[in-house]
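Input: a single structure, listed below in structure tokens.
Chain A is the first sequence line, chain B the second, and so forth, proteins listed ahead of strands; every chain is numbered from 1.
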Number of protein chains: 2
Amino acid sequence: MHACPPNLPRRESTAERRVAIGLAARALIIEKGVEGLRTRDIAERVGINIATLHYHVPTKEALIALVAETIRHDFRAQAMRRPRDGKTGLEVLRLEFEEFREIVTETPELIIILTELVERGRRDPVIGEIMLPLYDFWRNQFVDIFRLGIRDGSFRPDVDPHAAALIVTGTLSDFWRAWTDFSASIDAVFTQLEHAFTPPIALQG
Amino acid sequence: MHACPPNLPRRESTAERRVAIGLAARALIIEKGVEGLRTRDIAERVGINIATLHYHVPTKEALIALVAETIRHDFRAQAMRRPRDGKTGLEVLRLEFEEFREIVTETPELIIILTELVERGRRDPVIGEIMLPLYDFWRNQFVDIFRLGIRDGSFRPDVDPHAAALIVTGTLSDFWRAWTDFSASIDAVFTQLEHAFTPPIALQG
DNA sequence: GAGAATCAATCAATCACTTGATTGAGAAAG
DNA sequence: CTTTCTCAATCAAGTGATTGATTGATTCTC
């Protein structure tokens with residue numbers, strides 16, 4: 001086997017370049033939206049020539065698809081952090097809320113970019129093929145959670161899993177429009193969402 | 001007094017031109033997003049020269065602001081259609097749902113454009129000044145509805161008006177991402193939202 | 001009523017970049 | 001030496017916006 005050279009490599013591999021390009025593009029999407037995303041701005045942010053960027057990522061379309069893939073990857077990684085076996089629907093829902101809280105704290109740009117790319121997926125089939133299944137996967141996770149919870153009794157039997165899932169994902173997405181003056185505490189939102197679907201607990205107080 | 005000439009005028013007034021420009025821009029935003037909005041496309045859609053468009057709407061920024069104003073106007077007009085005096089919180093909530101249903105049916109592009117412009121308002125203060133107060137106004141209407149409902153007993157006393165408002169507006173906004181394969185019946189969604197906040201009705205069945 | 005003057009509105013042509021992408025030469029790595 | 005990677009310069013088309021001439025509508029003067 002070849003030993004690694006003691007000196008740092010002078011050039012980054014294509015994989016490393018693509019990661020850097022993806023991160024720069026994400027940062028620029030936060031600043032200027034997909035609307036204002038320019039290949040030269042990305043190249044400058046990474047510190048490479050525009051032709052170098054095209055060498056590694058041949059078209060702007062491929063570049064946006066790269067961003068979409070990184071978003072998908074991050075969401076998938078986030079979802080693997082917590083096992084769900086043997087828990088009630090309500091317990092799993094709480095895990096989802098904890099994950100969302102983490103996203104808010106650690107990678108706040110995820111939802112913003114996700115929303116923009118899902119919207120773009122309406123018009124651009126290449127992006128749509130990456131983002132729409134991801135968005136639906138996210139939603140369908142909640143459908144499964146609600147089905148589980150209805151079966152184990154932690155959610156009311158009259159809960160419609162699809163409608164309930166939409167309510168949760170819609171709320172979490174809209175929570176991120178926090179640049180307006182309107183505000184609601186994330187804890188209050190989670191509490192309200194739980195009460196929306198759990199059985200009446202009047203006797204428990 | 002002068003009688004109006006029987007012939008149609010050869011030229012439209014600036015007010016009429018601006019309306020036509022706004023409508024064409026809205027249609028194009030649906031098709032291509034704000035990202036793909038081009039002044040020449042708008043001029044062509046209206047049937048005027050690009051310089052004529054600039055005569056009536058001097059910059060692209062002013063043009064997007066014009067679109068934002070028309071959206072605001074339409075939402076305001078929609079909100080005036082139904083009186084709310086003397087109704088319980090739950091009854092008003094149902095009126096809001098009827099209005100949303102109307103938007104879905106009659107002017108389905110409103111939510112899509114609203115969402116894009118609110119997102120743009122995060123980055124562009126000119127658009128933000130138009131759209132963000134509108135979005136907040138919409139949300140605060142629900143805060144008022146929930147406060148009213150808590151007082152009159154049609155909503156549970158433990159409902160947090162701000163969190164509940166966010167849940168409703170988020171759900172309605174997300175309902176509009178109907179271009180994915182995920183689907184939930186709008187009636188089921190409304191029913192679920194009502195049950196989320198109304199008192200337990202176990203005794204009523 | 002006719003013609004001139006004025007202003008608003010319109011147009012084709014053009015400007016000054018901007019943008020995604022390409023080319024050919026050279027540098028770096030193995 | 002070969003292959004991969006990088007660069008400055010450039011291409012071709014697009015983009016928001018401008019310019020100067022013309023047209024349409026209205027008002028004024030005789």
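Under 4.0 angstrom from either OP1 or OP2 of dG20(C) there lies at least one side-chain N or O belonging to Thr39(A). Distances shown here put every side-chain N or O of His54(A) at or beyond 4.0 Å from the OP1 or OP2 atom of dT23(C). Within the 4.0 Å cut-off from OP1 or OP2 of dC7(D), at least one side-chain nitrogen or oxygen of Thr52(A) is found. In this structure, Thr14(B) reaches the dA9(C) phosphate: one of its side-chain N or O atoms is under 4.0 Å from OP1 or OP2.
Here Arg38(B) lies in heavy-atom contact (under 4.0 Å) with sugar-phosphate atoms only. Here Ile42(B) lies out of heavy-atom contact (under 4.0 Å) with every strand. Counting any heavy atom pair closer than 4.0 Å across all strands shown, Leu53(A) reaches no nucleic acid atom.
In this structure, CD1 on Ile71(B) lies 5.0 Å from CG on Leu110(B), to the nearest 0.5 angstrom.
Arg17(A) has its CZ atom 17 Å from the P atom of dT4(D), to the nearest Å. To the nearest angstrom, P of dG16(D) lies 14 Å from CD1 of Ile21(B). As rounded to whole Å, 11 Å separates atom C1' of dC7(D) from atom CD1 of Ile48(A). Per the geometry, CZ belonging to Arg18(A) stands 17 Å off C1' belonging to dT6(D), to the nearest Å. The distance from atom CG of Leu37(B) to atom P of dA17(D) is 12 Å, rounded to the nearest whole Å. Atom CG of Leu63(A) is separated from atom C1' of dA21(C) by 13 Å (rounded to the nearest Å). The distance from atom NZ of Lys60(B) to atom C1' of dT15(D) is 8 Å, rounded to the nearest whole Å. Note: CD (Glu61(B)) to P (dG16(D)) measures 12 Å, nearest angstrom.
The side chain of Asn49(B) approaches dA12(C) more closely than any other nucleotide in the set dA12(C), dT15(D), dC5(D). Across dT22(C), dA12(C), dA9(C), the shortest atom-to-atom separation from the side chain of Ala51(B) is found for dA12(C). Of the candidate nucleotides dT14(C), dC11(C), dT4(D), dT4(D) has the atom lying nearest to any side-chain atom of Tyr55(A). For Arg40(B), counting side-chain heavy atoms from C-beta on, the closest listed nucleotide (dA17(D), dT10(C), dC5(D)) is dA17(D). Minimum atom distance to the side chain of Arg11(B) is reached by dG24(D), of the listed dG24(D), dA21(C), dT18(D).
At a threshold of 4.0 Å, the pair Glu69(B)-Arg18(B) does not count as salt-bridged, since none of the basic side-chain nitrogens sits closer than that to a carboxylate oxygen.
No side-chain N or O of Asp187(B) forms a donor-acceptor pair with one of Ser185(B) less than 3.5 Å apart.
Shown are Phe142(B), Phe190(B), Phe146(B); of these, the ring-ring contact (aromatic ring centres under 6.0 Å, His included) with Phe197(B) is made only by Phe146(B).
Across all their heavy atoms, Arg123(B) and Lys32(A) have their closest contact at NH1-O, 3.0 Å.
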